[in-house]
Amino acid sequence: MKFSDIPGHDDVKTRLRQLVTDNRRPHAILLHGPSGIGKMAMARAFVQYIHCMNPSDSGDACGKCPACVQHRNFNHIDTFYSYPVVKPEGKTEPPVSADYINEWREFMQDRVFMDPEQWTSVFTKKNAQPIHYVTESSAMVKWLSTTGHATSCKAIIMWLPERMNEDTANKLLKLVEEPLGDAMIILVSDDPEGVLPTIRSRCQPIRMNRYDDKTIARYLADYHKDLSANDADTLAHIADGSMAKAISLADDDDNNRRNLELFKQLMRLAYQRKVSELKRWADDVASLGRESEIKFYDYCQRLVRENFIYNFGIPEIQYLTSEESSFSVNFARFIHEGNAEQIAGVFNRAMTDIAGNANGKIVNFDTAICIILLLKRQ
Ligand SMILES: [Zn+2]
């Protein structure tokens, strides 16, 4: 990973380079900011820049020397990756990151923007909640004391330190309290408040900010050549500063289309009061499975909001893709002051109920019945 692989964040890149050139490299850094903006990539680029045997004059790793090649393959001897993991079923011993090294390498391949949810889905265990187990801190201590040096800096990059349990955090605290020699720990956090304050206070904090919509739209247009400028702008807006979310929305084109189709069906059938067909619709939505149902209802809430705004006729505040917008031409007038809030509320309740393990078929059908009543409201 090179600094140049990460869009924007020039202030942070300059600051990190400066730490190296001024020889003021801290022993512990807390790199923090919202999720999906390239913090892990930044930590990786920083460490690779330090290890690179032939860094460029512009202050970036060369990408070609043996150290850079090892970084690309996640097998640089002086770099330790720590990430939250799950205890496999039937095992009593707590796991360490290294147990999942193959999954990690595959997950990280060509990845600039991290998404904790996608990492969680790597684990097949149901309702997995990956954390840093206490064994991880012991593994770090051991690694720091035994592994041979190839460079002048051994670096630990820990992703999501907020997911340490208390024992792990206390053990890590001892590690950052003691002099580490030339070693460096970088904690990469989406939620720094979740990190033990005594650990936090020993780290040099570096904040990374969310992306602006323009930067995201430009990156998306580059990444997905078939995406129209309008759709890139819309997805950038929905992503709310997270490049990871914008990319997954763009990749998820088929799901977005399916969600729009289901939304259209619901509105048409509810308007025509076709109750038995709505029953079938409810079953279809239930067959998507819980995760997709939740995403569908999240999508519905957005569409209600956007259709309401559509009526004001101000294109600058509208965020609909081209397909959504061609549906809204005729549909938007059905969403108005008298029902917009209630309809969004019905979708929100459906989402909460499904997340709470309610029966999808029943929830979806109830939702459809409520929509019949609300669409008729003036
Ligand atoms: Zn290099």
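In listed order, ligands and their atoms are each counted from 1.
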query: Do the side-chain N and O atoms of Gln204 and Arg25 include a donor-acceptor pair separated by under 3.5 angstrom?
result: no
statement: Applied to residues 193-209, the salt bridge (Lys or Arg N to Asp or Glu O under 4.0 Å) test, sequence neighbours excluded, yields Glu177-Arg202
Under-2.8 Å protein N/O/S neighbours of the Zn ion (ligand 1), ordered by chain then residue number: Cys52 SG, Cys62 SG, Cys65 SG, Cys68 SG
Other residues, nucleotides, ligands: >12 heavy atoms within 6.0 Å of Glu103 CD: yes
- request: Ignoring hydrogens and angles, state whether a donor on the side chain of His224 or Asp251 is under 3.5 Å from an acceptor on the partner side chain.
  value: yes
query: Can Arg349 be said to sit on top of Phe347's aromatic six-ring, NZ or CZ under 6.0 Å from centre and within 45° of the ring axis?
result: no
message: Check for me whether Lys274 meets the cation-pi criterion with Trp281, that is, NZ or CZ under 6.0 Å from the six-membered ring centre and within 45 degrees of the ring axis.
response: no
